[in-house]
S.K.: 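Below you will find the structure I want to go over with you.
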Amino acid sequence: MISGAEIVIRCLQEEKVDYVFGYPGGAVLHIYDELFKQDKVKHVLVRHEQAAVHAADGLARSTHKVGVALVTSGPGATNAVTGIATAYMDSIPMVIISGQVPSYYIGQDAFQECDTVGITRPCVKHNFLIKDVRDIAMTMKKAFFIANTGRPGPVVVDIPKDITAAKCKFDYPKDVQMRSYNPVVKGHLGQIKKAVQLLLGARRPMIYTGGGVILSNAAELLTTLTRRLGFPITNTLMGLGAYPATDPQFLGMPGMHGTLEANMAMQHCDVLLAIGARFDDRVIGNPENFASLPRKIIHVDIDPSSISKRVRVDVPIVGNVPDVLAEMIKLIEAEQGKIEIGDWWKEIEGWRSKRCMRYKPKKDIIMPQYVIEKLYEITGGNAIITSDVGQHQMWAAQYYKFDQPRRWLNSGGLGTMGVGLPYAMGAALANPDLQVACVTGEGSIQMCIQELSTAKQFRLPIKIINLNNRYLGMVRQWQEMFHGSRYAESYMDSLPDFVKLAEAYGHVGIRVERPEEVEGALKKAFIEHKDDLVFLDILTDREANVFPMVAAGKGLSDMILAEDL
Amino acid sequence: MRHIISILLENEAGALSRVAGLFSARGYNIETLTVAPTEDNSLSRLTIVTSGSDEVIEQITKQLNKLIDVIKVVDLSEAAHIERELMLIKVRATGKDREEMKRMAEIFRGRIIDVTDSTYVIELTGSGPKLDAFIQAIDAGLILETVRTGVSGIGSGDRILKV
């Protein structure tokens, strides 16, 4: 007979969890006591529960593992909600364990009581409130199973304090059967055949893939398929790295800040193969405009509800992406004929020749795009790049060419400012051999700045690239373009001295003010201070805007290019 | 279009609120909702009457299927089915209205199950629209209280919703 708390830890060990990110408190004291007594599962003490969930999320995104966070009841759980919602929107496999007041106090407005299951219900894949110590092992097994199968997502397990103190026999179930949950795996062969026929007959084909390809580890299969077909391809913000960005078949990112060639090819193709993507508003713009153009759409996704949600699909294929891709490759390899799409490529090269990502360098002012280009050079394109949310996020996505999956971590769905540093923490812990840089801005970084302390404690050599324009840049850009340049509250006044701030936390801080200093500062950070956390506070052009741009609600062809202004 | 969606779900704490929460979170409407355990105590059967375009109804069934506690979902209105709802309606029954109410209850095959000097409680079973029709048929000023269970539905013949 062992305690519920020990059972929780044993379950984590059984699931081969290396790191738990968390923050102790009254309701989880028994669990922390058991954590203390073992050393298989390492605990990372964050400085705010939101960061615990983000860091576990960053670990999950950069590996293929389930991220685990541990928080106490009440405020511990409510602080975790932003992290949970962020993971939910991007379908990240996570298990969040929250303490709860003793079961006999539930409903009595006890100290640090909140209805965690109720509060998190709309932003989890599933959640549980455990009411009997004998249910812990099976519930934990189910939590990991649900989180990491089908369309992944976060699962919350809420455990009252008395349940962690109660005792019972521990027996971890080997597998789990749920009559109400049977995620589809194989795609329908007839549908796959139909799709392949469409692809082989296409004259203006286009491949469009999203986060689903990364989450299902299907990047290699996607690359094989795309090269075999010779088709143009675009990866969404969540899908970057699924196909090598340096390959000529890659047209760049689509969407609101996508390239001209990617967006025009999305619009004017005759067959669109969408894989693990969900046609969201930032990618296709106005769905009516998108639907007004004639093209056949094939959509591969593990989640049936993603199919025909915003855009009518002609050939839906519900299934696990790698299985469907493998099947497609098999069928295509059996075909002899060559697909003639030379004219289509000529048209695409015409759009590409506009070089929509050009920007004007300035002599005395650092352009943010230039910083990302230099970052790409100095890290050899191999670093894990995390970002926060805003202009810097778009520049990082546009100018850092991701050739591999799981190297680009950002909050695409929820758009949560403050994720960058905790994501970098999770990624750095899980990938000690890789360089990890957090591209951020002076607005976002302050939303989880306290984690500089955690990064010190765990000696995480993250490089923070703070593109500091003294504005909430993306807000300012929209105000400039759509609100008559009335910069309501988008001006960051009274900024801290980030160099001193970094130093106060025990890190290295470097201010960069001139274009010619950028390269040297990056080298200093990545080479000389390889093992330190370095905070590069880079003063960039104050009013640089992200282009190209499709305004919200417009069609994808309605692009604003930098040169038009 | 009006649809009757039948759901088989795990009879667990919170399962109902997952279904109800899904409808409010995604902006679908619920006209009626009924839920009770089945012959197997571990299962609940839930019937929802909703309305929406074909696309909306397709999304509703897909989103419901995504809920972990939901075992099966069927749109009963897609084929032959039977729907029933129970209504208890308390009406003023004095003077000439007393006889009139009794007659109306008979026409609609209702039963008067509670009688006082001045009121009747009428029990009426039927499809949602039939109950609506009864309310329309009697003098609105005489209605004191209305309680409806919401629609329950079942497929005709061999259409069976089971685990």
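Residue numbers begin at 1 in each chain, while the letters A, B, ... track the order of the sequences. Computed from heavy atoms alone, side chains included, the values below leave out hydrogens, waters and symmetry copies. Predicted model, so just to flag it, every value in this text is computed and none were measured.
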S.K.: Could you check whether any side-chain N or O of A:S180 sits under 3.5 Å from a backbone N or O of B:V70, counting only pairs where one atom can act as donor and the other as acceptor?
M.R.: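 No: the side chain of A:S180 does not pair with the backbone of B:V70.
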S.K.: Crowded around A:K141 NZ? As in, over 12 foreign heavy atoms under 6.0 Å?
M.R.: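 Counting other residues, nucleotides and ligands, NZ of A:K141 exceeds 12 neighbours.
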S.K.: Could you report the tightest heavy-atom contact between B:S17 and A:R121, atom names first, then the distance?
M.R.: OG-NH1, 2.7 Å
S.K.: Count the heavy atoms of every other residue, nucleotide or ligand shown that sit under 6.0 Å from CZ of B:R109, and state whether that count exceeds 12.
M.R.: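 Result for CZ/B:R109: open.
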S.K.: Other residues, nucleotides and ligands only: do more than 12 of their heavy atoms fall within 6.0 Å of NE2 on A:H188?
M.R.: no
S.K.: Is it the case that over 12 heavy atoms from other parts of the model lie below 6.0 angstrom from the CZ atom of A:R295?
M.R.: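 Yes - once you tally the heavy atoms of other residues, nucleotides and ligands closer than 6.0 Å, there are more than 12.
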S.K.: At their closest point, which heavy atom of A:I307 faces which heavy atom of B:K62, and how far apart are they?
M.R.: O-NZ, 2.7 Å
S.K.: Applying side chain to side chain contact (heavy atoms under 4.5 Å, CB included), run through B:I68 and A:K142 and close with a yes or a no.
M.R.: CA-CA 11 Å; B:I68 306 289; A:K142 281 184 184 171; over 6 Å; no
S.K.: Highest number of heavy-atom pairs under 4.5 Å with chain A: which of B:K72, B:Q63, B:K66?
M.R.: B:K66
S.K.: Does any backbone or side-chain atom of A:K125 lie under 4.5 Å from a heavy atom of chain B? Answer side chain, backbone, both or neither.
M.R.: both
S.K.: How far apart are the C-alpha atoms of B:L43 and A:R179, what are their side-chain angles, what is the distance that settles it, and do they pass the side chain to side chain contact (heavy atoms under 4.5 Å, CB included) test?
M.R.: CA-CA 11 Å; B:L43 288 174; A:R179 62 180 171 185; 3.5 Å; yes
S.K.: Against chain B, label A:N127 side chain, backbone, both or neither, depending on which of its atoms sit under 4.5 Å from a heavy atom there.
M.R.: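 For A:N127, the contact with chain B is made by backbone and side chain together.
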S.K.: For B:R2, I'd like to know if atom CZ has over 12 heavy atoms of other residues, nucleotides or ligands within 6.0 Å.
M.R.: yes
S.K.: Mark yes when over 12 heavy atoms from residues, nucleotides or ligands other than B:R92 sit less than 6.0 Å from its CZ; otherwise mark no.
M.R.: no
S.K.: Hey, could you give me the OH/CD distance between A:Y181 and B:E10, rounded to the nearest 0.5 Å?
M.R.: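 One finds 14.5 Å between OH of A:Y181 and CD of B:E10.
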S.K.: Apply side chain to side chain contact (heavy atoms under 4.5 Å, CB included) to the pair B:D69 and A:H126, showing each step before the final yes or no.
M.R.: CA-CA 9 Å; B:D69 283 338; A:H126 197 57; 3.6 Å; yes
S.K.: Taking everything shown except B:Y28 itself, do over 12 heavy atoms lie less than 6.0 Å from its OH?
M.R.: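 Yes - once you tally the heavy atoms of other residues, nucleotides and ligands closer than 6.0 Å, there are more than 12.
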S.K.: Go through B:I71, B:L22, B:V56 and name the one with the most non-hydrogen pairs under 4.5 angstrom from chain A.
M.R.: B:I71
S.K.: Are B:E58 and A:R312 close enough for a salt bridge, meaning some N to O gap below 4.0 Å?
M.R.: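 Judged by the 4.0 Å cut-off on N to carboxylate O distance, B:E58 and A:R312 do form a salt bridge.
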S.K.: Got more than 12 heavy atoms from elsewhere within 6.0 Å of CD1, B:I154?
M.R.: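 12 or below, so no.
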S.K.: Could you have a look at B:A13, B:S24, B:A25, B:S42 and say which one has the most heavy-atom pairs with chain A under 4.5 angstrom?
M.R.: B:S42
